[in-house]
Amino acid sequence: MAAPGGAAILRGARGTGKTALLDLAAAHARGSGGNGDNSGSGNADGTRDTDGVHGTGGTVGTVGTGDFVVLRVRGTETESHLPYAGLHGLLRPVADRLPALPPAQAEALTRALELGAADGGLALPAAVLNLLVAAGGPVLACVDDVHHLDAPSREALFFAARRLAGEPVVLLFGADDRGDGGATAPDDIPAFELGALDEEAARRLADDLVPGLADDVRASLLEIARGNPLALGELAGSLSPEQISGAAAPPATLPRGGRLWRAYADRLARLPRETVDVLLLLAADPGLETVTLAGAAGPECALTALEPAERAGVVVHVAGAGGGDMDGDGDRYDFREPVMRTVVYAGASLARRRAAHRLLAGMLRHDHQRLRRAWHRAAAMDGPAETLADELASAAAEADSHGGHPAAFLAFERAAELTEHGDVKAARLAAAANRAWHAGLPRRARSLLTRLQSLTISEEVRSQAELIRGSLELRSGKTGSAGDDLMAAAESLLDRDRGQAVRVLIRAGEANYLAGDNHRYLDMARWAATLRRPDDPAATQLMFEYLAGTAATFDGRHREAADPLRRVLELAPSVRTPSVLVWAGVASLLLGDDAQAVRLCGRAVETARARGAVSTVPQVLEFMIHAELWMGRYASITASAVEGLRLAQERGRPNSAGQHLGWLALTAAVEGDAETCAIRAASAIELAGAHGVCVAGALGNWALAHLDLAAGRHADAAKRLRTTARADGTNGHLVMRVMSTPLFVEASARTGDRERAGEALRVLDRWVGSTRSPDRRALATRCHALLAAPGDAEEYFRAALDLHHQGFSEFETARTQLLFGSALRRNRRPGAAREHLHSALETFERSGARLWAEQARAELRGAGEAVRSHRPKATEKLTAQQYQIARIVADGATNREVAARLFLSPRTVEHHLRNIFAKLDIRSRVELVRLMS
């Protein structure tokens, strides 16, 4: 016996993975190879992570040596009235062991299996327990759908389950969490609740099921499935090639022939008609308040009708701020299994659906309910189509963007469908596309724009469509195409809305910036300068100043750029829009006031969230990270980039995702985590190539060069950072090139390429010389120290350290101390060198910068000091991130807790732990704790 046996219940809604987990357990038991714990296939802690599974107590032990005897049965409603049918299905494969039981028990169990009869007492349940123990080896017994098992079989198995401690038997039950009380398992058997998949896990599953799934199609599937794995699988299997690519509309409901649809339809068929009618009201309006429901169906009727649905576990009551009172704020009923909503709605006839919408529309009379009322009236066709369309479009235009039912883009799309007039129809489709884009559904937005091509539209609508198309390309398409579309939109807007036209010019400039096309940016800015007027309002003046200041900066005219950039900061308080905070942040960044840039961008993030414009947050975070980098705040960079990456992926903005991947690659390089850096950098460079986002490719390349330099591969680092742009766009971005100059100068100085290093430094000098930033000036001064004659280097190094101490970047201070200490050691001044090297080592160890810490230790050893590694010798083969994870795990954290602390997914933590265990040649967390201590 390796460990005691036991029992557990896997409980969850239909389709949440109970059967899959039982299948997995059976497969592992059959192929366990004798160790019983399957540690090579589970987590490094001996468990297996399953998305959506949350234990509520107890464990299932691993048992025995050798292969398991696997017994399985599944309860069915058709046999639930046959006594002992469940035991018959489960125990028949080991019935030949009955003679090994005491005669009375053998006789009792034989009668039950052959005749479906028993005399009561302990003989039968004791026989079940003893037969499992005598089955010929360690046993895994899986009982699926135990709630459908006949009651005598269920009780006998529960009897055995309570008595398995110390026996070579594991008994697993799968049960639907229907909340009906009819199949509740005993409280004394440990239960594991299987909840819905979280959003990340559901997205991964959808992508695994259908690689290359269009973003908006995936979003539609996730919305219908609501985290139910079976629902996702059935939806994915029902997709046509056109739906997969986004060319056709995604499904609106579960497949009617699927297992889930049939199961839910069967449950609905057992409910009273009046109950199903009230459920249809709930399905027609997600989040429907109980007070509105009661008004539509009648207070007594609604609550009485819902009682059977509550008993059957179809709905649950959700108390609002007012507690359980029906008039409480937010008090409502909701479907226990969210997937059922679509079955209730789609399974009703068109006439019944329209009647439900008409009832609800009559109850929604408040101003804040205007969009919901218009939606229900349109769904009920409660009036002339054009009137309903006007009402719906007007309500959607006034609605805020905080979500709710319906989504604004759906309202505009429905309004367009009800509209006959071509230009009005087109304008509403364009508005729907714009709202879909801001909702993070770029392919849905493109699909809506495509429908405009069949309509005759005005120049105004055409320019609006060009603007939306350009914005789509800017964030999720090709940056080159984005620049063309946005310039065309700006030109067409000039005569009608100059302010909007200039705003679009800034967006076109951003496309050129992302693409690394500096010449095109300057051409655009020169043209914009010709459009200025003395009587422009403050907002338009600010935008012109912004374009002038950024263009001068990119052209190397830094002193000339200062006045317009300061003018941006002066005008910003008079223009209260989130984008102005971003422009002011960029102006501060270019002027060298990084602390102010971080504050302004932070306010922009807060404002965007408050206004519901979450999709703009990833772009704001990009500029915040620029400032944080100059300040050396790598922990903040990681947190900002993780959030930016998550939001960019959720909102369908791969161009922003590429940049955040690049920043994360750079922070991994600083930590010395070569594996993570390489993965993230490759992803950033791949996205750069696919979308023309030169800045993302440059970031990925910069990260790899940093890793090379930290590992002492100076020639490789210099080669990556050559200032000549390459065809793949991974090294041609002006801003990234200047920001990475300190790294390039260091690598080039180490390889003797002082000429190229000097050329790059002259560009950096012009940039930082126009600012008062001590952090930037310190970096430039350090570069001069690296290129100075031996007699002059020390003065430059000391000047650089003086500037560092006025700034924010502890990490770059340590890098300068390391270089200065190394120079002093080479000049045979080991005592002076050790002072700087000790300070550098302390900072690197505190920052988790493993490779830089190793360089500092090597220099200290060269300066005559014996330096002991800060970590156990056995762990030195781990990467920086692996060591960090190992330390946290050794402190007792679970995989999910580690993931939350390090901004990783639990799956990534599991992957790292496997590698840690393999590198350290250990098999358990206990061994890891012992080794780390």
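For reference, positions follow the sequence shown, starting with 1.
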Task: Residues L467, R507; criterion side-chain contact (heavy atoms from CB on, under 4.5 Å); working and verdict - done: CA-CA 10 Å; L467 174 56; R507 207 173 293 179; 3.9 Å; yes
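- Between A465 and L452, the shortest heavy-atom distance links the atoms CB-CD1, 3.8 Å.
- For the atom pair CG (D285) and CG (L364), the distance works out to 6.5 Å, reported to the nearest 0.5 Å.
- Side chains of S394 and E398 form a contact here, defined as non-hydrogen atoms less than 4.5 Å apart.
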- [ ] Please lay out, stage by stage, how E491 and R496 fare under the test salt bridge (Lys or Arg N to Asp or Glu O under 4.0 Å).
- [x] CA-CA 10 Å; E491 290 181 27; R496 293 191 306 278; over 6 Å; no
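- Ring orientation note: the planes of Y345 and H357 are nearly perpendicular, at an angle over 60° on the 30°/60° scale.
- Panel note: side chain S447, backbone R443; no donor-acceptor pair is recorded below 3.5 Å.
- Checked for salt-bridge contact, R218 and E223 miss the test: no charged N lies under 4.0 Å from a carboxylate O.
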TODO: Take R428 and D390 through the test salt bridge (Lys or Arg N to Asp or Glu O under 4.0 Å) and record every step on the way to the result.
DONE: CA-CA 10 Å; R428 287 169 179 170; D390 292 343; 2.7 Å; yes
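- Side-chain contact check for Y333 versus V278: every heavy-atom pair is 4.5 Å or farther apart.
- Ion pair R332/D334 flagged as a salt bridge, since at least one NZ, NE, NH1 or NH2 atom sits closer than 4.0 Å to an Asp/Glu carboxylate oxygen.
- In this structure, CZ in R520 is found 7.5 Å from CE in M487, a value given to the nearest 0.5 Å.
- Expressed to the nearest 0.5 Å, how far CG of L449 lies from CH2 of W437 amounts to 11.5 Å.
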- [ ] Would you sort out whether D536 and R533 count as a salt bridge (Lys or Arg N to Asp or Glu O under 4.0 Å), showing the intermediate values?
- [x] CA-CA 5 Å; D536 279 329; R533 294 177 183 171; 5.4 Å; no
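- Considering CG of L472 and CG of L441, their distance stands at 10.5 Å, rounded to 0.5 Å.
- Side-chain contact check for V605 versus T616: every heavy-atom pair is 4.5 Å or farther apart.
- Checking side-chain atoms of H691 against main-chain N and O of G477 turns up a donor-acceptor pair under 3.5 Å.
- Shown here for C694 and A515, the closest heavy-atom pair between the two residues is CB-O, 3.2 Å.
- Put simply, the side chain of Q243 reaches to within 4.5 Å of the side chain of S240, judged on heavy atoms.
- Using a 4.0 Å cut-off between charged side-chain N and carboxylate O, E420 and K425 make no salt bridge.
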Open item on the list: Go through it in stages, so that I can follow the logic: the residues are L531 and L505, the test is side-chain contact (heavy atoms from CB on, under 4.5 Å), and I'd like the CA-CA distance, side-chain angles, deciding distance and then a yes or no.
Closed with: CA-CA 11 Å; L531 304 176; L505 279 178; 4.1 Å; yes
- [ ] Give the intermediate values and the outcome of side-chain contact (heavy atoms from CB on, under 4.5 Å) for residues L418 and E386.
- [x] CA-CA 6 Å; L418 295 171; E386 290 289 344; over 6 Å; no
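- Note that the CG atom of L280 and the OG atom of S349 stand 8.5 Å from one another [nearest 0.5 Å].
- The backbone N or O of A648 lies less than 3.5 Å from no partner atom in the side chain of H660, so there is not a single donor-acceptor pair.
- A donor-acceptor contact closer than 3.5 angstrom links the side chains of R653 and Q619.
- Counting heavy atoms from C-beta on, the side chains of L448 and E413 come closer than 4.5 Å.
- Between L254 and W261, the shortest heavy-atom distance links the atoms O-CE3, 3.7 Å.
- In this structure a side-chain-to-backbone donor-acceptor pair under 3.5 Å is missing from N512 to N518.
- Other residues, nucleotides and ligands contribute more than 12 heavy atoms inside 6.0 Å of the NE2 atom of H368.
- L474 has its side chain within reach of L514: a pair of non-hydrogen atoms, C-beta onward, lies under 4.5 Å apart.
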Open item on the list: salt bridge (Lys or Arg N to Asp or Glu O under 4.0 Å), that's the test. Do E650 and R646 meet it? Break it down for me.
Closed with: CA-CA 6 Å; E650 288 176 359; R646 176 181 61 81; 3.3 Å; yes
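- Comment: E466 does not engage R462 in a salt bridge, judged by the lack of any side-chain N to carboxylate O separation of less than 4.0 angstrom.
- The existence of a salt bridge linking R256 and E234 is excluded, since no basic side-chain nitrogen approaches an acidic carboxylate oxygen closer than 4.0 Å.
- The two residues P286 and A283 have their closest heavy-atom pair at CD-O, 4.3 Å.
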TODO: List the steps, then state whether side-chain hydrogen bond (donor to acceptor under 3.5 Å, both in side chains) holds for T292 with E289.
DONE: CA-CA 5 Å; T292 307; E289 308 88 346; 3.2 Å; yes
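- By the 30° and 60° cut-offs, the orientation of the rings of Y513 relative to H733 is perpendicular.
- A donor-acceptor contact closer than 3.5 angstrom is absent between the side chains of R532 and T540.
- A salt bridge does not link R373 with D367: every distance from a Lys NZ or Arg NE/NH1/NH2 to an Asp or Glu carboxylate oxygen is 4.0 Å or more.
- The closest side-chain heavy-atom distance from V217 to L239 is below 4.5 Å.
- Between the side chain of T479 and the backbone N or O of G692 there is at least one donor-acceptor pair closer than 3.5 Å.
- Ion pair R414/E417 flagged as a salt bridge, since at least one NZ, NE, NH1 or NH2 atom sits closer than 4.0 Å to an Asp/Glu carboxylate oxygen.
- V343 approaches T253 most closely through the heavy-atom pair N-OG1, 4.4 Å.
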Open item on the list: Set out, in order, the CA-CA distance, both residues' side-chain angles and the distance that settles side-chain contact (heavy atoms from CB on, under 4.5 Å) for S458 and V461, then state yes or no.
Closed with: CA-CA 5 Å; S458 66; V461 175; 3.4 Å; yes
- [ ] Test S579 against R503 for side-chain hydrogen bond (donor to acceptor under 3.5 Å, both in side chains), laying out the working first.
- [x] CA-CA 10 Å; S579 55; R503 183 183 294 270; 2.9 Å; yes
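- Relative ring orientation between W583 and Y546 is described as tilted, the plane-to-plane angle lying within the 30° to 60° band.
- Of all the heavy atoms in L209 and A236, the pair that sits closest is CB-CB, 4.0 Å.
- Of the possible polar contacts, none joining the S476 side chain to the E473 backbone as a donor-acceptor pair under 3.5 Å is found.
- Of the charged side-chain nitrogens involved, at least one lies within less than 4.0 Å of a carboxylate oxygen, so that D382 and R377 count as a salt-bridged pair.
- Between H438 and F409, the gap from one ring centroid to the other reaches at least 6.0 Å.
- Here the straight-line distance linking atom CZ of R469 with atom CG of L486 works out to 11.0 Å at 0.5 Å rounding.
- Summarising the local packing, CZ of R451 is surrounded by more than 12 heavy atoms from other residues, nucleotides or ligands at distances under 6.0 Å.
- Taking 4.5 Å as the limit, every side-chain heavy atom of R226 sits out of range of all side-chain heavy atoms of E337.
- Panel note: side chain R365, backbone G362; a donor-acceptor pair is recorded below 3.5 Å.
- Annotation: E686, atom CD; neighbour count of heavy atoms from other residues, nucleotides and ligands within 6.0 Å does not exceed 12.
- For the 3.5 Å distance criterion, the side chains of S656 and R475 fail to qualify, holding no donor opposite an acceptor.
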